[in-house]
S.K.: 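My questions all concern the structure below.
Note on naming: letters A, B, ... go to the chains in the order of the sequence lines (proteins, then strands), and numbering restarts at 1 for each one. Just so we're clear, the structure is a prediction, and the values are computed from it rather than from any experiment.
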Amino acid sequence: MRAKVILSMVLLTFSAYSCILEEGYKPEKRTQAAKLIWDATSNVISGNLYAADLALKLDLWMTAPESQKNQIEDRYFPGSKIRVTQGVWNLTGTPVFIYPDNKSIHTVGSVWKVMFADPLYTYPPTRRMHITIECTGDLEWQIATYDGEAANDEFEFEMGLSGRRVENPANAAGYIYTVSGGGSYIPFEYSFINESLIISYEVSAEMTFHPQSVQSLFNNYFYRAYQGKCSITVNDKKNSAVDDKILVEILSGSSTRILYKLTYNGTTENWESSTL
Amino acid sequence: MISEKNTTFVVINKLKMFRKILMLVVSATIFAGVANGQMSYRGYYNQKHMPEAEIRFSHGLLPLTYDFDLFNWSWDIAPPSLTDQYYSLQTYRGNLYSTGALSMAHSIKVAKWLEMGATLTYVGNFRNIYSTATNEIVDRECSRSLFFTPTLRFAWFNREWVRMYSSVGLGVGLMIKQPYERGGGNGEPYLEWGPSIQLTGFGISVGKRLFWFSEVQTIGTLGVFTMGVGYRVVPDKRRWQR
């Protein structure tokens with residue numbers, strides 16, 4: 001009898017409470033880390049395409065008949081004016097400077113340069129960088145980018161572009177680009193000082209990037225991939241054991257939604273992203 | 001250089017604080033002895049008079065330990081780096097489990113309305129870290145806390161079978177924490193210490209020698225709701241009279 005009483009007391013004592021203090025959180029998908037890296041990589045490519053596009057649009061303006069210049073400026077440079085000082089063009093109110101060649105950017109062999117003197121805290125944010133655009137054929141260019149301030153010595157971007165004009169007059173972008181090539185970078189986000197990842201990417205099947213309108217302080221559009229494949233490797237300069245592989249395959253893209261497949265360290269999942 | 005100075009300053013402050021808490025605990029223990037000395041021991045040696053004593057085992061819900069979120073509040077609201085976000089998404093945290101406050105207490109009755117004693121408490125919290133890709137356990141983070149809390153218990157309702165009381169306790173505690181470090185999984189364990197405080201508004205015990213008890217309106221290192229069993233060593237007064 002006494003033993004039963006003791007046992008009841010003990011059971012009553014220890015069974016009264018739930019011992020879970022905090023519920024765990026499980027991510028919805030297993031490839032979320034890969035999506036994060038693809039979004040960042042896509043933004044790096046977008047930033048370079050945006051810089052090249054500014055040079056191409058300036059060329060459109062410079063080579064246009066005088067009667068069309070105002071119309072071109074209104075369409076392609078809304079919110080800014082284009083001004084020249086000693087041969088260097090600037091979009092007023094932005095740290096963007098364009099150094100044209102004395103030939104059109106459509107002339108094979110011409111080399112134009114674009115400099116982002118300061119980071120553009122836009123969507124997506126774009127680092128300070130120097131971009132060289134060389135015309136290699138009809139509507140084809142080779143662009144190479146480096147960080148002129150050596151703030152990020154892991155930043156490389158070398159890609160071949162082929163472009164076609166944007167038809168929609170409501171979009172401030174000049175061209176749609178098909179890209180091949182690759183590069184590497186240390187992420188540039190708001191806490192970039194603490195970044196240690198080194199992300200290398202290679203476009204394994206030509207990717208086509210279309211402009212998407214966005215309302216931001218410095219830019220009116222950015223680029224998103226509508227088709228193609230990209231291989232990404234993630235390393236960490238503080239941890240040599242990190243060597244993660246990501247394969248991005250864009251299944252379909254349109255102005256309203258993009259379907260793509262991510263393979264991350266052997267795990268494959270489909271993703272869908274809608275417009276902003 | 002500045003950070004070294006700051007670190008030294010923090011360490012010195014912590015040592016000073018530790019000494020203060022230690023002094024409080026020692027004072028409380030000495031006070032218990034002194035108060036015990038206020039009992040009438042007339043005829044103690046002749047009658048082999050023993051004060052009433054009890055031992056308690058209890059389980060408390062939601063004890064306050066040094067990893068309580070409120071203590072870890074940071075004003076640093078800078079967004080996490082992409083590197084941090086990347087590693088965060090590679091793993092996820094499971095449920096946080098707690099043993100609750102497992103306590104053992106001993107006390108002696110120094111007056112009809114006053115008991116003095118001390119409580120030894122263990123609290124363990126742990127949770128598994130899972131791989132997002134495979135859902136397998138990759139690590140575990142845990143913290144173990146130990147508290148020593150001298151306690152004063154004021155019995156304001158005394159019957160043979162039922163007692164009601166309030167209590168206050170002040171002591172010292174330490175916590176060993178083994179965090180999970182994202183990315184490398186090599187979080188070093190560290191030790192924290194601080195005061196152990198327990199305030200109980202309402203406690204009730206039911207039973208004579210073997211008794212059940214529960215405490216509510218409580219806050220502190222023993223939990224907000226405590227329940228347990230105890231055993232009273234009641235002196236055999238008939239034997240005293242022989």
Side-chain angles (χ1 to χ4, degrees), chain A residues 2-3 5-37 39-41 43 125 185-199 234 236-239 241-242 244 246 264-269, chain B residues 57-63 65 67-69 76 78-102 124-135 183-186 206-207 209-214 223-231:
Chain A
R2 174 165 282 197
V5 170
I6 293 170
L7 190 64
S8 305
M9 284 177 165
V10 171
L11 285 178
L12 187 63
T13 297
F14 290 98
S15 65
Y17 315 130
S18 164
C19 290
I20 297 176
L21 289 184
E22 190 181 297
E23 295 280 344
Y25 168 73
K26 184 179 177 185
E28 286 177 20
K29 292 203 171 194
R30 296 190 291 167
T31 54
Q32 283 205 324
K35 180 183 184 296
L36 181 82
I37 298 299
D39 286 347
T41 305
N43 289 344
Y185 66 98
I186 291 178
F188 178 84
E189 297 283 343
Y190 297 99
S191 301
F192 63 92
I193 293 168
N194 301 320
E195 304 289 4
S196 62
L197 293 183
I198 300 172
I199 300 164
V234 182
D236 191 328
K237 62 183 178 184
K238 292 181 181 171
N239 184 355
V242 176
D244 298 327
I246 300 166
Y264 178 51
N265 289 339
T267 304
T268 302
E269 284 178 327
Chain B
F57 297 93
S58 66
H59 188 215
L61 179 69
L62 296 177
T65 56
D67 54 355
F68 189 62
D69 278 346
D76 183 6
S81 66
L82 191 121
T83 302
D84 288 341
Q85 292 178 55
Y86 179 69
Y87 287 127
S88 293
L89 289 170
Q90 283 188 327
T91 55
Y92 65 92
R93 287 179 150 85
N95 293 338
L96 175 63
Y97 294 96
S98 174
T99 60
L102 299 169
N125 292 341
F126 69 92
R127 72 165 117 210
N128 292 329
I129 308 295
Y130 297 90
S131 158
T132 307
T134 62
N135 289 326
N186 53 356
V206 180
R209 288 191 175 218
L210 181 67
F211 62 92
W212 168 91
F213 71 94
S214 179
V224 297
F225 178 67
T226 304
M227 204 185 280
V229 291
Y231 187 77

S.K.: Does any part of the side chain of B/Arg93, heavy atoms only, come nearer than 4.5 Å to the side chain of A/Glu22, both counted from C-beta?
M.R.: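 A/Glu22 does not reach B/Arg93 side chain to side chain.
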S.K.: Is there a donor in the side chain of A/Tyr264 and an acceptor in the side chain of B/Gln90, or the other way round, less than 3.5 Å apart?
M.R.: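 Indeed, the side chains of A/Tyr264 and B/Gln90 share at least one donor-acceptor pair under 3.5 Å.
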S.K.: Tell me which of these, A/Lys238, A/Glu23, A/Lys35, has more heavy-atom pairs under 4.5 Å with chain B than the rest.
M.R.: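 Top option by heavy-atom pairs under 4.5 Å: A/Glu23.
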S.K.: Minimum heavy-atom separation for A/Ser196 and B/Thr83, please, with both atom names.
M.R.: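 For A/Ser196 and B/Thr83, the tightest heavy-atom pair comes out as N-OG1, 3.0 Å.
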S.K.: In Å, rounded to the nearest 0.5 Å, how long is the span from CD of A/Glu195 to CD of B/Gln85?
M.R.: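 Going from CD on A/Glu195 over to CD on B/Gln85, the span is 8.0 Å.
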S.K.: Determine whether B/Thr134 and A/Thr267 make a side-chain contact, defined as any pair of heavy atoms from C-beta on separated by less than 4.5 Å.
M.R.: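 No, their side chains stay 4.5 Å or more apart.
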S.K.: Relative to chain A, which segment of B/Asn128 carries a heavy atom at a distance below 4.5 Å: side chain, backbone, both, or neither?
M.R.: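 It is neither, since no heavy atom gets under 4.5 Å.
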S.K.: What are the two closest heavy atoms between B/Thr132 and A/Arg30, and how far apart are they?
M.R.: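 Distance-wise, the nearest heavy atoms are O-CG, 3.2 Å.
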S.K.: Kindly determine whether A/Ile199 and B/Tyr86 satisfy side-chain contact (heavy atoms from CB on, under 4.5 Å), including the steps that lead there.
M.R.: CA-CA 12 Å; A/Ile199 300 164; B/Tyr86 179 69; over 6 Å; no
S.K.: Kindly indicate whether the side chain of B/Arg127, heavy atoms from C-beta on, has any atom under 4.5 Å from the side chain of A/Leu21.
M.R.: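 The answer is no; the side chains never approach within 4.5 Å.
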S.K.: Answer yes or no: is there a side-chain heavy-atom contact under 4.5 Å between A/Ile20 and B/Tyr97?
M.R.: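 Yes; the side chains approach each other to less than 4.5 Å.
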S.K.: Select, from A/Asn265, A/Thr31, A/Leu197, the one with the greatest count of heavy-atom pairs under 4.5 Å involving chain B.
M.R.: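 Maximum pair count with chain B is reached by A/Leu197.
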S.K.: If the test is side chain to side chain contact (heavy atoms under 4.5 Å, CB included), which one of A/Ile37, A/Asp39, A/Ile186 qualifies with B/Leu82?
M.R.: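 The option that passes is A/Ile37.
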